[in-house]
Amino acid sequence: MNPYAYIREQVIAIITGLAEDGVLPAGMDFSNLAVEAPRDPDHGDVATNAALVLTKQAKMKPRDIATPLAERLGALPDVTAAEIAGPGFINLRLSEDFWRARLMDVLGQGVNYGDSQMAAGEKIIVEYVSANPTGPLHIGHVRGAVYGDALAALLSKVGYDVCKEYYINDAGSQVDVLARSVHLRYREALGETIDAIPEGMYPGDYLVPVGEALAARDGDKWRDLDEADWLVPLRRFAVDAMMDLIRDDLALLGIEQSVFFSEETLHLDGGIDRAMAALKAQDLIYTGVLEPPKGKTPDDWEPRPQTLFKASQFGDDVDRPLQKSDGAWTYFAADIAYHYDKTQRGYSQMVDVWGADHGGYIKRMKAAVRAMSGEQASLDVRLCQMVRLLRGGDVVQMSKRSGTFITLRELVDEVGADVVRFMMLTRKNDAPLDFDFDMAMEQSKDNPVFYVQYAHARIHSVLRRVADELPDLNLDLNSLKGANLSRLTDSAEMDLIKQMATWPRAVEIAAQAREPHRIAFYLNELASGFHVLWNKGNAEPNLRFIMEQDREVTLARIALIQGVALVLASGLSLVGVTPVERM
RNA sequence: GCACCCGUAGCUCAGCUGGAUAGAGCGUUUGAUUCCUAAUCAAGAGGCCGCUGGUUCGAGUCCAGCCGGGUGCACCA
């Protein structure tokens, strides 16, 4: 149960009752009515702003609303105190048994605790990574990959039917360059000496095995042909090889997308034509000449008629070209077709995860989605800001040209997938992030991953120990559900239960905001709550988890920390981090 | 020149979509280890929430305008 949602229902029921009794006007709008935890715990367990938000509608003073409301709230069985505070807040204290019942929720639902029906099976598509298939993934891709994957998991948790998708840019000129680079490596594999990789080709060693594989499969079949004869088949071969590489890279982070959508298919099977026809049918395409960009005009600027999409009708700054001067479709046209395809597949909610350098592209893409779906579909673009690598306090400079960029594989090899995933979620996605190698390697509370994992491992350490010391005590979940939780009375114990009780709400808020980093922050706080209780046991031996002379209290405390372990484990798996049991 | 993102403690950042006396970690000062993992915990100091107006019972949060930082700006992907 989500205690805040539950109390909110009670508040609304009471207000409705008061309206029936003529104390308050009927038919008021409750959309702004909030029930949440007050910042200051001294103000109670939950607080509601009901009297404040209704004051205008009811044409009554906040306190005149709050007084009868608080009176009836105070009479609820779960409420031990209801007081009016400040400008008209009502602060409620809930009974300890109410909170203890929340621990039962956790034990009863296990890792499913916190699942929500917020989205009730709605379809949503999350597209992320979508790196060009021209080489292995590097550090710049990692953040979007982790963010997108964690977001997808979070959306599933609240009931969405999520499709995780990768858009393969396999139709542009960069894959021609890839094919030529592979042809070069192929000739090399057949025994030719290649001095230096020419300017404008991909120099990376990762293409050496691709050339070798091609030679092994096809022999010298392609060696002496004209480029026109090998470009298309080699492009396909090379892209497939790169996608295998990329899938392997993603697997290192535990990321597995279900659909890999090829841009090329849109060109081949008429997908672009269909999308363009849909726009044309609404008279949103025309031929025109764009103004030169303000500020710095490109040197080779010349006015030329182009096929344009009326993006400005849908909130974009200017209309956008769909065809290049040579008549070929622009990337934007293909992108429109790709999103059109998503709508045709039944997705009216789309999330795209992009790098911050694509920020200027958002308006036109959202405009296109709105236009071609007749305002039925919406696109949400989440930008991930840059990641700076720090080592020894210095920024690690990276440049593709000098070959000093760090690959995803190198990063995972050095610090491990768990650390990479968690660290990438310690900032909200639209804030720049510093990834500090020294902190990532640190095995202390400086490292947030270890801090949370340590709490989980510590709990399992206790569980092992109690099994050892009290072997006849039954610790399975059913026995724990029978524990006498009224033996949990210490403030640190109750605080921990209250923290667990906020998990369902934390999940929903994070999903609504599409901010999985909130999960990482929640886990840090829950881990902290556990460490506090642990240390309290150090100072006061009667607060330890294992009390050999008092099996009843031991069982209750084991139930408590088992609950914490369950929430930690489900939160960690939500962000894709292993809940280790031993460290 | 325009668009988007950011500006909160010495540093790095949260702040639950408008709530009460603005929080955490690092760093700093002080303290806790015969004890279930001290890989941890407790306490103190530290603030013009970039600036100025506006909206209202109430603004770090919303709006406008400035200032400062980042990203991007026909046909490339």
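Per chain, numbering begins at 1; letters A, B, ... match sequence-line order. Model, not experiment: these values are computed from the prediction.
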With respect to the phosphate group of B/rC41, does any side-chain polar atom (N or O) of A/Y451 fall under 4.0 Å of OP1 or OP2? yes
Considering only the C1' atoms, how many Å lie between B/rU12 and B/rC75, rounded to the nearest integer? 42 Å
Just say parallel, tilted or perpendicular for the rings of A/F261 and A/Y167, cut-offs at 30° and 60°. tilted
For nucleotides B/rG54 and B/rU61, find the distance between their C1' atoms and express it as a whole number of Å. 15 Å
Classify the nucleic acid contact of A/N169 as base, sugar-phosphate or nothing, counting any heavy atom under 4.0 Å across all strands shown. sugar-phosphate
Determine the Euclidean distance between corresponding P atoms of B/rG25 and B/rA45; express it in Å to zero decimal places. 15 Å
Check whether A/S181 reaches the backbone of A/V177 with its side chain - one donor and one acceptor, N or O, closer than 3.5 Å. yes
Polar pair under 3.5 Å, donor/acceptor by atom type, side chain A/R304, base B/rA74: yes
Under 3.5 Å: donor-acceptor pair, side chain of A/H141, backbone of A/H138: yes
C1' atom, B/rA24 versus B/rC49: distance in rounded Å? 16 Å
Counting the atoms with a prime plus P, OP1 and OP2 as sugar-phosphate, which does A/I546 contact under 4.0 Å by heavy atoms, base, sugar-phosphate, or nothing? base
Categorize A/A47 for me: base, sugar-phosphate, or nothing, with a 4.0 angstrom heavy-atom threshold over every strand shown. base
Answer yes or no: does a side-chain N or O of A/R464 lie under 4.0 Å from OP1 or OP2 of B/rU37? no
Between A/Y4 and A/Y6, is the ring centre distance below 6.0 Å? no
Is there a donor-acceptor pair closer than 3.5 Å between any side-chain N or O of A/D170 and the backbone N or O of A/E263? yes
Polar atom pairs (N or O), protein with nucleotides 59-65 of chain B, under 3.5 Å:
from   : atom 1 : to    : atom 2 : distance (Å)
B/rG60 : O6     : A/R39 : NH2    : 2.6

Is any side-chain N or O of A/W329 closer than 4.0 Å to OP1 or OP2 of B/rC75? no
On the side chain of A/N535, is there an atom forming a donor-acceptor pair with the base of B/rA38 - under 3.5 Å, no angle test? no
Looking at A/E540 and A/K536, does any basic side-chain N land under 4.0 Å from a carboxylate oxygen? no
Is the aromatic ring centre of A/F545 closer than 5.5 Å to the centre of the six-membered base ring of B/rC36, with the two planes inclined by less than 30°? yes
Check every atom of B/rU12, B/rC75, B/rC76 against the side chain of A/S173 and return the nucleotide holding the closest atom. B/rC76
Once the angle between the rings of A/H460 and A/H456 is folded into 0 to 90°, is it parallel (under 30°), tilted (30 to 60°) or perpendicular (over 60°)? tilted
On a whole-Å scale, what distance lies between the C1' atoms belonging to B/rG23 and B/rG15? 7 Å
How would you label the contact of A/K363 with the nucleic acid (heavy atoms, under 4.0 Å): base, sugar-phosphate, or nothing? sugar-phosphate
How would you label the contact of A/Q385 with the nucleic acid (heavy atoms, under 4.0 Å): base, sugar-phosphate, or nothing? sugar-phosphate
C1' atoms of B/rU28 and B/rC73, separation to the nearest Å: 46 Å
State whether the aromatic ring of A/H358 stacks on the base of B/rG72, taking stacking to mean ring centres under 5.5 Å apart and ring planes under 30° to each other. no
Sugar-phosphate, base or nothing in reach of A/P321, heavy atoms under 4.0 Å: sugar-phosphate
Looking at B/rC16, does its base get a donor-acceptor pair with the side chain of A/R518 below 3.5 Å? no
Step-by-step side-chain contact (heavy atoms from CB on, under 4.5 Å) determination, A/N132 to A/L178: CA-CA 10 Å; A/N132 283 341; A/L178 176 72; over 6 Å; no
Inter-nucleotide P distance (B/rC63, B/rC26), Å rounded: 35 Å
Without swapping roles, check the side chain of A/Q57 against the backbone of A/D29 for a donor-acceptor pair under 3.5 Å. yes
Name the residue closer to the 5' end of RNA chain B, choosing between A/P87 and A/R364 according to the nucleotide with the nearest heavy atom. A/P87
Is A/S461 near enough to B/rC36 that one of its side-chain N or O atoms lies under 4.0 angstrom from OP1 or OP2? no
Side chain of A/R427 only, please: which of B/rC41, B/rU12, B/rU37 is the nearest? B/rU12
Describe the nucleic acid contact of A/S325 in one word from base, sugar-phosphate, nothing, applying a heavy-atom distance below 4.0 Å. base
Counting the atoms with a prime plus P, OP1 and OP2 as sugar-phosphate, which does A/K428 contact under 4.0 Å by heavy atoms, base, sugar-phosphate, or nothing? sugar-phosphate
Side-chain atoms of A/V532 come closest, of B/rC36, B/rC41, B/rA74, to B/rC41
A/F89 ring over B/rA20 six-membered base ring, under 5.5 Å and 30°: yes
Looking only at the side chain of A/R505 (C-beta and beyond, no hydrogens), which of the listed nucleotides B/rC16, B/rG15, B/rA39 gets closest? B/rC16
Does A/R63 offer a backbone N or O that forms a donor-acceptor pair with the side chain of A/T67 under 3.5 Å? yes
Please give the distance between the C1' atoms of B/rC67 and B/rC48 as a whole number of Å. 15 Å
So what does A/A85 touch, heavy atoms closer than 4.0 Å: a base, only the sugar-phosphate, or nothing? base
Can you tell me how the ring of A/W503 sits relative to the ring of A/Y522, calling it parallel under 30°, perpendicular over 60° and tilted otherwise? tilted
For A/N91, answer base if it contacts any base atom (sugar-phosphate contacts may also be present), sugar-phosphate if it contacts only those atoms, and nothing otherwise; contact means non-hydrogen atoms under 4.0 Å. base
Just checking A/G172: base, sugar-phosphate only, or nothing, at a heavy-atom cut-off of under 4.0 Å? sugar-phosphate
Categorize A/M386 for me: base, sugar-phosphate, or nothing, with a 4.0 angstrom heavy-atom threshold over every strand shown. nothing
A/I362 CD1 to B/rU71 P, straight-line distance once rounded to whole Å: 16 Å
Taking A/V575's backbone N and O only, do any of them form a donor-acceptor pair with A/R421's side chain (distance below 3.5 Å, no angle check)? yes
Remember a base hit wins even if backbone is also touched, and classify A/F521 as base, sugar-phosphate or nothing at under 4.0 Å, heavy atoms. sugar-phosphate
How is A/R544 classified with respect to the nucleic acid when contacts are heavy atoms under 4.0 Å: base, sugar-phosphate, or nothing? base
A/I509 or A/V53: which one's nearest nucleotide on RNA chain B is closer to the 5' end? A/I509
Quick one: side-chain hydrogen bond (donor to acceptor under 3.5 Å, both in side chains) pairs with a partner in residues 308-318 of chain A, sequence neighbours left out? A/S312-A/D319, A/D316-A/R320, A/D317-A/K363
Watson-Crick and G-U pairing of RNA chain B, under 3.5 Å, as dot-bracket with | and [ ]: (((((((..((((.....[...)))).(((((.......))))).....(((((..]....))))))))))))....
When you measure from the side chain of A/H517, which nucleotide among B/rU37, B/rA74, B/rA14 comes out closest? B/rA14
